[in-house]
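This report concerns only the one structure given below.
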Amino acid sequence: ALDEAAALVLHVLHLPYDMPGGYFEAQLTPVEREQILDMIERRIASRQPLAYLTHEAPFAGLSFYVDERVLVPRSPIAELIESQFAPWLEADAVTDVLDLCTGSGCIAIASSLAFPESRVDAVEISADALEVARINIERHAVGDRVQAIESDLYAALDHRQYDLIVSNPPYVSLAEWRALPPEFHAEPRLGLESGADGLDCVRRILQGAARHLKPAGVLV
């Protein structure tokens with residue numbers, strides 16, 4: 001709750017997340033206070049994730065556009081990307097990366113920046129989500145290296161093989177999804193719910209991975 005409150009206030013004030021703590025002693029103008037209270041009311045009344053109200057979410061030290069067409073970026077895979085997936089990969093040897101279930105494109109884009117010599121395929125079954133991914137690809141100026149592909153997992157990839165396949169797939173069981181708070185129900189069900197045990201998509205990723213990994217490739 002504290003992190004979200006800070007994100008809300010800093011967004012309204014157009015201030016960075018990493019600003020010095022001394023600024024917290026500053027006083028707000030009446031207009032700024034009104035804008036913050038308005039955003040708080042919208043957050044409470046709508047029960048939408050804050051990122052849908054601000055259209056901004058941080059991931060791996062980067063800022064991404066998000067809206068109701070994609071999940072809010074929050075995967076711990078960000079930490080792996082920032083460490084270039086060490087010790088499992090040699091960063092200089094990574095030339096081909098596949099991000100399955102790309103959503104906003106955050107994993108694909110962050111990976112392309114972590115491996116600047118790589119080509120990244122950002123795969124997503126949802127055409128709506130791909131529109132958001134393309135916004136972020138343009139925002140981060142990686143269109144020459146990141147390709148957004150509409151595909152049901154590997155279906156449209158032919159015989160392409162990769163040094164790294166990475167995915168944050170749907171992983172919530174149907175029962176768990178039904179019990180989630182309204183904030184999660186505001187997100188696309190397609191990106192969260194994955195069958196009776198939550199593993200329908202995971203199983204399909206595992207079953208097809210060997211055909212699309214290079215001999216020394218890694219699946220995360």
Side-chain angles (χ1 to χ4, degrees), residues 1-82 99 101-114 122 124 126-144 146 148 168 170 172 177-193:
L2 181 61
D3 288 344
E4 178 154 320
L8 185 154
V9 171
L10 293 173
H11 172 83
V12 172
L13 300 178
H14 306 288
L15 294 172
Y17 292 108
D18 58 352
M19 70 175 189
Y23 281 92
F24 294 128
E25 301 301 320
Q27 293 191 15
L28 305 181
T29 68
V31 171
E32 289 171 335
R33 295 183 188 190
E34 186 176 336
Q35 291 172 335
I36 289 171
L37 289 172
D38 177 66
M39 181 69 79
I40 291 172
E41 289 295 337
R42 289 175 60 199
R43 173 68 179 87
I44 293 170
S46 71
R47 294 296 297 271
Q48 285 188 304
L50 178 63
Y52 290 168
L53 303 178
T54 64
H55 296 303
E56 181 183 18
F59 182 83
L62 304 168
S63 177
F64 291 90
Y65 172 85
V66 295
D67 62 26
E68 294 83 352
R69 294 173 288 182
V70 296
L71 295 186
V72 177
R74 52 176 169 261
S75 172
I77 288 174
E79 298 172 18
L80 300 178
I81 296 172
E82 291 174 318
D99 174 27
C101 312
T102 196
S104 65
C106 60
I107 288 176
I109 292 165
S111 295
S112 76
L113 297 173
E124 172 61 56
S126 165
D128 287 340
L130 276 180
E131 291 180 10
V132 176
R134 291 188 179 100
I135 291 171
N136 285 312
I137 288 170
E138 181 177 353
R139 180 175 188 169
H140 291 280
V142 292
D144 57 332
V146 180
N168 180 30
V172 178
W177 180 82
R178 287 172 173 162
L180 287 173
E183 282 80 355
F184 289 98
H185 283 217
E187 297 187 77
R189 178 176 176 175
L190 182 65
L192 287 170
E193 189 261 311

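As a basis for the values below, the full set of heavy atoms in this structure was taken, side chains included, without hydrogen atoms, waters or symmetry mates. Counting begins at 1 with the first residue of the sequence.
- Between Arg178 and Glu193 there is no salt bridge, since none of the side-chain N atoms of the basic residue sits less than 4.0 Å from a carboxylate O of the acidic one.
- Note that the CD1 atom of Ile135 and the CZ atom of Arg139 stand 9.5 Å from one another [nearest 0.5 Å].
- Judged purely by atom type and a 3.5 angstrom limit, Asp67 has no side-chain atom pairing as donor or acceptor with the backbone of Tyr52.
- A donor-acceptor pair is defined here as one N or O able to donate and one able to accept, closer than 3.5 Å; such a pair exists between the side chain of Glu124 and the backbone of Gly103.
- For the atom pair CZ (Arg33) and CG (Asp38), the distance works out to 16.0 Å, reported to the nearest 0.5 Å.
- Within 6.0 Å of CG on Asp144 lie more than 12 heavy atoms contributed by other residues, nucleotides or ligands.
- Asp99 has its side chain out of reach of Ser111: every pair of non-hydrogen atoms, C-beta onward, lies at least 4.5 Å apart.
- In this structure, Glu68 places its CD atom where more than 12 heavy-atom neighbours from other residues, nucleotides or ligands lie under 6.0 Å away.
- Dense packing is recorded around CD of Glu56, with more than 12 heavy atoms of other residues, nucleotides or ligands lying under 6.0 Å away.
- Across all their heavy atoms, Asn168 and Ser75 have their closest contact at ND2-CB, 3.6 Å.
- In this structure the side chain of Tyr23 never reaches within 4.5 angstrom of the side chain of Leu15, judged on heavy atoms.
- Inter-residue side-chain proximity for Ile137 and Ile109 is flagged as met; some heavy-atom pair is nearer than 4.5 Å.
- Of all heavy-atom pairs spanning Asn136 and Ser104, the tightest one is ND2-O, 3.0 Å.
- Between Tyr65 and Val132, the shortest heavy-atom contact is O-CG1, 3.6 Å.
- Applying the side chain to side chain contact (heavy atoms under 4.5 Å, CB included) test to Val172 and every residue at least two apart in sequence or in another chain returns Glu176, Trp177, Leu180, Leu192.
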Discussion item. Run Val70 and Glu187 through side chain to side chain contact (heavy atoms under 4.5 Å, CB included) and show every step you take.
Written reply: CA-CA 7 Å; Val70 296; Glu187 297 187 77; over 6 Å; no
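- Residue Pro16 comes nearest to Leu10 through the heavy atom pair O-CD1, 3.8 Å, listed as atom of the first residue, atom of the second, then distance.
- Looking only at side-chain heavy atoms (C-beta outward), Pro170 and Cys101 come within less than 4.5 Å of each other.
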Item to complete: Could you walk me through whether Arg47 and His185 pass the side chain to side chain contact (heavy atoms under 4.5 Å, CB included) test, one step at a time?
Response: CA-CA 9 Å; Arg47 294 296 297 271; His185 283 217; over 6 Å; no
Practice prompt. Evaluate the criterion side chain to side chain contact (heavy atoms under 4.5 Å, CB included) for residue pair Leu13 and Leu28; output intermediate values, then yes/no.
Written response: CA-CA 9 Å; Leu13 300 178; Leu28 305 181; 3.6 Å; yes
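- In this structure, the side chain of Arg43 engages the main chain of Gln48 through a donor-acceptor pair within 3.5 Å.
- Side-chain N or O atoms of His140 include none that pairs as donor or acceptor with a backbone N or O of Ala110 at under 3.5 Å.
- Listed for the Glu32 side chain is a donor-acceptor partner under 3.5 Å among the backbone atoms of Thr29.
- In this structure, Pro73 and Val66 approach most closely via the heavy-atom pair CD-CG1, 3.6 Å.
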Discussion item. Assess the residue pair Val142 and Leu113 against the criterion (side chain to side chain contact (heavy atoms under 4.5 Å, CB included)); give the C-alpha distance rounded to whole Å, side-chain angles, the decisive distance to 0.1 Å, and a yes or no.
Written reply: CA-CA 8 Å; Val142 292; Leu113 297 173; 3.9 Å; yes
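- Taken to the nearest 0.5 Å, the NE2 atom of His11 stands 8.0 Å off from the CG atom of Leu50.
- The two residues Arg74 and Phe184 come nearest to each other via the heavy atoms NH2-CE2, 3.6 Å.
- Looking at Phe59 and Ile107, their side chains come closer than 4.5 Å, going by heavy atoms from C-beta outward.
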